[in-house]
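Sequence lines set the chain letters: A, B, ... in the order given, protein chains first and strands last, and positions in each chain run from 1. Please read all numbers here as calculations on a predicted model, not as lab measurements.
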Amino acid sequence: MVDLSIKLAGIDLKSPLVLASGTAGYGVELASICGYSGLGAVTLKSLTIMPRPGNRSPRVWETTGGMLNSIGLENAGVDAFLSDFLPQLNELGVPLIVSIAGETAGEYALLARRISGAPGSIVAIEVNVSCPNVEKGGLMFGAEPQASGAVTSAVVENTGLPVFTKLSASVFDIVRIAEAVAAAGASGLSLINTLPGMAINPVTGYPRLGTVSGGLSGPAIKPVAVKAVWDCYRATGLPVIGGGGVYNALDVVEFMRAGATAVSIGTATFQNPCRFEQIACELPDIMNRTGALRPADLVGSVKV
Amino acid sequence: MVDLSIKLAGIDLKSPLVLASGTAGYGVELASICGYSGLGAVTLKSLTIMPRPGNRSPRVWETTGGMLNSIGLENAGVDAFLSDFLPQLNELGVPLIVSIAGETAGEYALLARRISGAPGSIVAIEVNVSCPNVEKGGLMFGAEPQASGAVTSAVVENTGLPVFTKLSASVFDIVRIAEAVAAAGASGLSLINTLPGMAINPVTGYPRLGTVSGGLSGPAIKPVAVKAVWDCYRATGLPVIGGGGVYNALDVVEFMRAGATAVSIGTATFQNPCRFEQIACELPDIMNRTGALRPADLVGSVKV
Amino acid sequence: MNGAVKLSGRCGRCRISRSDKVAGSIHLVELEIRDCPVDLERPRPGQFFQVKCADGPEHILRRPLSVHGITQWDEPGHSLELLVEDVGWGTHRLCSLSVGSEVELLGPLGRGFEMPRAGKALLVAGGMGIAPLFFMAREMDHVDAGYDLVAGFKSGDCAYAPLACLKGGGVLCTEDGSAGEKGTAVGKAAGYMERSVYSMIYVCGPEAMMAEMSRLAEKADIPCQVSLVSRMACGIGVCRGCARPGRNGDNLCVCREGPVFDSTRVEWICVQ
Amino acid sequence: MNGAVKLSGRCGRCRISRSDKVAGSIHLVELEIRDCPVDLERPRPGQFFQVKCADGPEHILRRPLSVHGITQWDEPGHSLELLVEDVGWGTHRLCSLSVGSEVELLGPLGRGFEMPRAGKALLVAGGMGIAPLFFMAREMDHVDAGYDLVAGFKSGDCAYAPLACLKGGGVLCTEDGSAGEKGTAVGKAAGYMERSVYSMIYVCGPEAMMAEMSRLAEKADIPCQVSLVSRMACGIGVCRGCARPGRNGDNLCVCREGPVFDSTRVEWICVQ
Ligand SMILES: Cc1cc2nc3c(=O)[nH]c(=O)nc-3n(C[C@H](O)[C@H](O)[C@H](O)COP(=O)(O)OP(=O)(O)OC[C@H]3O[C@@H](n4cnc5c(N)ncnc54)[C@H](O)[C@@H]3O)c2cc1C
Ligand SMILES: Cc1cc2nc3c(=O)[nH]c(=O)nc-3n(C[C@H](O)[C@H](O)[C@H](O)COP(=O)(O)OP(=O)(O)OC[C@H]3O[C@@H](n4cnc5c(N)ncnc54)[C@H](O)[C@@H]3O)c2cc1C
Ligand SMILES: Cc1cc2nc3c(=O)[nH]c(=O)nc-3n(C[C@H](O)[C@H](O)[C@H](O)COP(=O)(O)O)c2cc1C
Ligand SMILES: Cc1cc2nc3c(=O)[nH]c(=O)nc-3n(C[C@H](O)[C@H](O)[C@H](O)COP(=O)(O)O)c2cc1C
Ligand code: FES
Ligand code: FES
């Protein structure tokens, strides 16, 4: 019998499967379609201090093996989340990873404090650094080691919860950023966010997304994600929540072998909201075929 | 009637379709299967000064909507190319873009001189900067604006042929690199090279490629490529040979709208060696539907 | 708007029992619910299903399709009808599937049309807008509600609206006059509004047509329900991919709060 | 090695006229060449086709499959046989296609086995290595060449080698003895080599088995041709994806210079 439980930066989770930020809403909607058994944790869509209306429509477009989105961090804001959603979520009993996004390091610090003061199922904070850094002329925080480190420090100093910084793989050297984040005290890394992309309707000439460009996710990006996980795991040794294009249990094992302690499922949820349940069912069998008794046996086990 | 001819940085080509480097060999092999009518030019696989054996097997792996490769620039070296292949190619009469790859700026300069001294069908040089810069500790030239510019200058100063620098999109800010290349005197840009990626056999734990990681190409990366073309075209105004995941004539028009003057076909050639001929047949009809009379009407015409 | 406020849709796999080309590139696809492993809720007019048009990791998003009809829902052998226009790869694959193939469904989803409480209703369909409104008309026939249905199409070769089998009044019109009466759906509907008194107007069709009908309805002070289109990823309210602007500066979540909205809530946009 | 030195293969689309599971996960797929729009060259044993297992941009690489047989090549109605083991998504999709489906072929490609000039040959097949060697045996039957064929499999449920229909001598063996004789292909072949004199040995099977057979052949000083496996992208010599090391520090381009090589040219590796 395979035991699916894991220890992720000190947190006990009953499964390595985690729902990715932005693809599982506030966590309550899916609970009415699928049970949450088989799931380690739900990462909530990134919260900002103030509510955000998000981007112009259309916001999604399917591409070969993946999709583009430009949701634009639409969310109700941290206060509405704490008052309107968290109580319901606490009743579901599923561990929560709260993703936060800010425009200044100060905003991240404030969000971390708010979240940490909240009761209940929150087990970790995920720091989304793929946001424009308003103090630095709109450059994404995650583009630079210093900015990524600074934001991570700001969060770490304002919470007792484990902190996972979520990196973008659309940089030349993700390892330097991972190292900066490690030095800033992150408990772990979350890899990877979407890749910047764009699509145009060839016939009409209009971009497929209202904001022209957006983020590419889904199976198409899996090889980029697996490499990012392996590079960062090897360089920092930090626990990794790895994902990008996960579709089935084989993909989950692939990410574990690359160094992921937990594995996130994002876009695949759109193909089937209960996909993670199916994956949880398939996983023990695949693990058996590798000879692993528990997920930890597989982490970083790629034979290089 | 649609006229497919284009002017690419001063070169007259009878079609915007170009075969991508590394996917059409030395240009002679395909000629025996497909005619070269409908084609603007063939980009040859990157040449180095000395012959290179390339990487360890296995070298290719299919991924969702794409593939990974780690050929490792296997090639016969510039001298063997000039003596053994160029004469045959000159007989075919198809315009050639010669791709060069070096480990130092000096090697690029030497390659450019050799190529420029050769007679015949060569119409342009493509500078592959996705190579390790031996003078800079193995960091890829294309990772930095300065190194990309330096290599481009070295080539421009040693040739009378138009020079296209081929960039990698796996950097945070491709526009800064494109600008450095423009300032260094490139006649145009070639976009994009493969994205770094990796795949692991989940059951055995072995990497799918002998070199562990490789380059991701094919339809999966098209959204990343379209964005790179649009960003660089808008920022520099340089003529662009655009591609990455092109599969059909709709894709060709999509790249033109994003700013590509010529469009490259790479991985799709593996699905069908005569794919470019099929695309050339479909293209006039698709162009008709857009109202364009010639490719130039479409370049950069995305409605943003 | 009436219907599934709570997420009650479930995933099921159904067999195609019929797939016919009924006009131009429009296909009528019938799915047998009988063999579906889960009990799907009875769909209401205006609700939709998220349909998986192909298997495998390479096809990641489902396609939203309105319910066009149901048969014998409460008996064994009940089935679901979709009216699908082949406009791109997803719908093309769906229309290419042969009888006996299986398709994954998620639904019924969203809020459908609210049945009129009294009086006569006007149903205005533009193009594929007929898919949900035809179902609405049939359900109104069940409860003997009075209505007129205007079904407008570009031309005769893409027109499908078998009005004769309905109890209510109706007219089919085409812009070029090649089938039914000549004219646009909005034009015909305006004529009907001059001649009759309606307690409710239901509209589904292209954005510009719905915008125009809403304007007419609001001017005439008749409540108007519109069924919006938006590109969707999840279809169940988790991704915010379908959100579009509301008239009060709010966002309308088309898949979950809609697709049917009161016209006064909608900010009309030019969708590309 | 004999065969297509020049690239003469062409692309064609053919109808599946038969697709049967013949053992375990092994399928015999027969393709009608008749309707193929281009004149495919007559394939030689050891040559292969690049087969497109699914359409669309989402499936970018073809799969190399050896020719397992041809029928009436010079008459109308000629067909091509492939013996396919379902090991991953490409072969799985191919094996799932029903009779009447169409498949795109590119080939025949590569250099096949060189026919022996005189004497008796030993053919040693491990697992799916039977696909080209069975074709070789049938072609040798045509010219009344003498041979023994050893076909080894892991066990009986994945064994397929209808030796009775061949003129030459032969033995089927399985590692667990569940079908034919008990033993490995190499073990049996070694026994044959002790009892008979062979002028040529032909081998196709797993890497380790071919390495071992090559060693035996080279020790006995018998020319040995091996058919190598390598992951391929183009199949026609343009990408260098299939290259693997040769014994002299050179690269062997499996798709174009091979897949059949003289054993002395090959550097044996552990392919994962
Ligand atoms: C609630 C709802 C109900 C619908 N009911 C029906 C129906 O009953 N019958 C019917 O034929 N069509 C219906 N549609 C439209 C249908 O969903 C789209 O035509 C379909 O998704 C197109 O997918 P495709 O892959 O064939 O085309 P693509 O190649 O993806 O695109 C073709 C065109 O369709 C548009 N499109 C693509 N995906 C979507 C999407 N998810 N939602 C809306 N537009 C999209 C694109 O912008 C593009 O212009 C409905 C849409 C919605 C939102
Ligand atoms: C010249 C040649 C002739 C062959 N003849 C036959 C034959 O007659 N019958 C038969 O059943 N098989 C044959 N093979 C092997 C066959 O090509 C692979 O089994 C097939 O490509 C696997 O594809 P897949 O998508 O089903 O598996 P995947 O899911 O892609 O992979 C499954 C396994 O197959 C291996 N593989 C994947 N692609 C290739 C490839 N292009 N070449 C080699 N191995 C690969 C992978 O490493 C993996 O271990 C031949 C291979 C070569 C090179
Ligand atoms: C519609 C959508 C919305 C997303 N929103 C967020 C978000 O709010 N915060 C975040 O950190 N990542 C967000 N992501 C990124 C995912 O969490 C995930 O990192 C990425 O999609 C790659 O994984 P996947 O291929 O499994 O989807 C979003 C992705 C999608 C598709
Ligand atoms: C097998 C293979 C070999 C390649 N070799 C080279 C090369 O030698 N030089 C180069 O500049 N690009 C090389 N490329 C990159 C392609 O030229 C092209 O930029 C990339 O594959 C993206 O385009 P595509 O998706 O159409 O293939 C190679 C790509 C593949 C798949
Ligand atoms: S489509 Fe995901 S929220 Fe509506
Ligand atoms: S597979 Fe491309 S060279 Fe052999």
Where R59(B) and N251(D) come nearest, the two heavy atoms and their spacing: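 Taking every non-hydrogen atom into account, NH2-ND2, 3.6 Å.
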Non-hydrogen atoms of G237(D) and E29(B) that approach each other most closely: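 That closest heavy-atom pairing would be O-OE2, 3.9 Å.
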Part of T23(B) lying under 4.5 Å from any heavy atom of chain D: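 It is the backbone, since no side chain atom gets that close.
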Per-residue contact mode, F270(B) against chain D (heavy atom under 4.5 angstrom):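 When you check distances to chain D, atoms from both the backbone and side chain of F270(B) fall under 4.5 Å.
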Pairs meeting criterion ring-ring contact (aromatic ring centres under 6.0 Å, His included) with involvement of residues 44-71 of chain B, two or more places apart: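 Non-adjacent pairs meeting ring-ring contact (aromatic ring centres under 6.0 Å, His included): zero.
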Contact origin within E104(D) toward chain B - heavy atom pairs under 4.5 Å: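 The side chain, not the backbone.
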Once you round to the nearest 0.5 Å, how far does [atom1] of [X] lie from [atom2] of [Y]?
| X | Y | atom1 | atom2 | result |
| --- | --- | --- | --- | --- |
| M67(B) | C239(D) | CE | SG | 6.5 Å |
| Q50(D) | Q271(B) | CD | CD | 11.0 Å |
| S57(B) | L228(D) | OG | CG | 10.0 Å |
| I236(D) | T269(B) | CD1 | OG1 | 8.0 Å |

Verdict with reasoning, T63(B) to I60(D), per side-chain contact (heavy atoms from CB on, under 4.5 Å): CA-CA 9 Å; T63(B) 66; I60(D) 212 76; over 6 Å; no
Contact residues of residues 70-84 of chain B (partner chain D; heavy-atom separation under 4.5 angstrom):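 Contacts with chain D: I71(B), E74(B).
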Residue selection (most heavy-atom pairs with chain D, distance under 4.5 Å) from G218(B), A24(B), G245(B):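 Among the listed options, the one with the most contacts to chain D is A24(B).
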Chain D contacts, top residue of T267(B), N248(B), T64(B) (heavy-atom pairs, under 4.5 Å):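 Between T267(B), N248(B), T64(B), the count favours T267(B).
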Whether R240(D) side chain and G54(B) backbone form a donor-acceptor pair below 3.5 Å: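 No, R240(D) side chain to G54(B) backbone: no donor-acceptor pair under 3.5 Å.
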Neighbour count above 12 (heavy atom, 6.0 Å) for R247(D) CZ: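 Atom CZ in R247(D) is packed in, count exceeds 12.
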Side-chain heavy-atom pair N272(B), L106(D) within 4.5 angstrom cut-off: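 The answer is no; the side chains never approach within 4.5 Å.
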